[in-house]
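Input: a single structure, listed below in structure tokens.
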Amino acid sequence: MQRVSLVGVPGSGKTTVGRRLAASLGVPFIELDSIFHQAGWVDLPRDEFRQRVRGALTADGWVVDGNYSAVQDLVWQRADTVVWLDLPRWLVMQRIVLRTVRRAATRERLWNGNREPLRNFYRLNPEMSIIRWAWVKHPEYVERYGAATADAAYAHLRFVRLRSQRDVRAFLA
């Protein structure tokens, strides 16, 4: 396990797990959000996003954190393992709400100087609220990655599905 794609709904712990896994493997940690979200929450154009991700994947080993379908083919072509954080919806929602409140209250700087927007608390459009996105997308991610585990196109990948915090702790140990 040297080239790992870490996937899961927002709030599942991808970044925390990804950083720890990368450190234990001695490989770079690549957070796709930090590449995609430019200053002012402007999305990086698709072609440039793909180019930057392609460049980041040239290392012999890495852990990539993110679910971007625009670059999944690039990541999964080079990956040897997909770690899927498939935690229960109630736990993910608890985490995403607490994380969003903390980030908004402390005005924590995220990627490229961005800060958690207050709209995450009251917008119903998933495109405008990470909290709503996590709620709406949770079942879609279960279906998407569940199907991928059985897809012959990904037979070269080892899938590791972690369904509980106990599973995560055991995996990292």
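None of the values given here were measured: they were computed from a predicted structure.
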Can you tell me how far [atom2] of [Y] sits from [atom1] of [X], rounded to the nearest 0.5 angstrom?
X	Y	atom1	atom2	value
I96	L91	CD1	CG	11.5 Å
L32	Q72	CG	CD	10.5 Å
T149	R144	OG1	CZ	13.0 Å
Q2	T81	CD	OG1	9.5 Å
L162	L6	CG	CG	8.5 Å
D33	T15	CG	OG1	7.0 Å

- Note on the structure: Hits for side-chain contact (heavy atoms from CB on, under 4.5 Å) against D151, two or more places apart or cross-chain, chain-then-number order -> A153, Y154
- Any residue meeting side-chain contact (heavy atoms from CB on, under 4.5 Å) with R52, in chain and number order, not counting sequence neighbours: I35, Q38, L44, E48
- Query: What pairs with Q165 under side chain to side chain donor-acceptor pair (under 3.5 Å), at least two apart in sequence or on another chain?
  - Reply: R95
May I ask you to check whether over 12 heavy atoms, not counting those of [X], lie within 6.0 Å of atom [atom1]?
X	atom1	result
R102	CZ	yes
R50	CZ	yes
R107	CZ	yes

- Assert yes or no for the condition that the ring centre distance of W76 to F159 is strictly below 6.0 Å. yes
Give me the atom names and distance for the closest heavy-atom approach of [X] to [Y].
X	Y	answer
G11	R99	N-NH1, 4.2 Å
A134	V92	CB-CG1, 4.4 Å
A22	F29	CB-CB, 3.8 Å
D73	A70	OD1-O, 3.9 Å
V9	K14	O-NZ, 3.4 Å
Y141	W133	OH-NE1, 3.3 Å

Under the ring-ring contact (aromatic ring centres under 6.0 Å, His included) test, residues paired with [X] that sit two or more places apart:
X	answer
H138	none
Y68	F36, F49
F171	none

- Criterion side chain to side chain contact (heavy atoms under 4.5 Å, CB included) on R46 and V71, from CA distance to verdict: CA-CA 9 Å; R46 186 178 195 279; V71 295; over 6 Å; no
- Single-linkage hydrophobic cluster, 4.5 Å side-chain cutoff, V53 and V42 together: no
- Item | same_hphob_cluster(L98, W135) at 4.5 Å side-chain heavy-atom cutoff | no
- Item | Exam field: side chain D80 to backbone R158, donor-acceptor pair closer than 3.5 Å | no
- Item | Any donor-acceptor pair under 3.5 Å from D86 side chain to R163 backbone | no
- Message: For a side chain to side chain contact (heavy atoms under 4.5 Å, CB included) check, start with the C-alpha distance between L25 and V4, then their side-chain angles and the critical distance, and finish with the verdict.
- Response: CA-CA 10 Å; L25 295 173; V4 180; 4.2 Å; yes
- Would you check if Q51 and L74 make a side-chain contact, meaning some heavy-atom pair closer than 4.5 Å? no
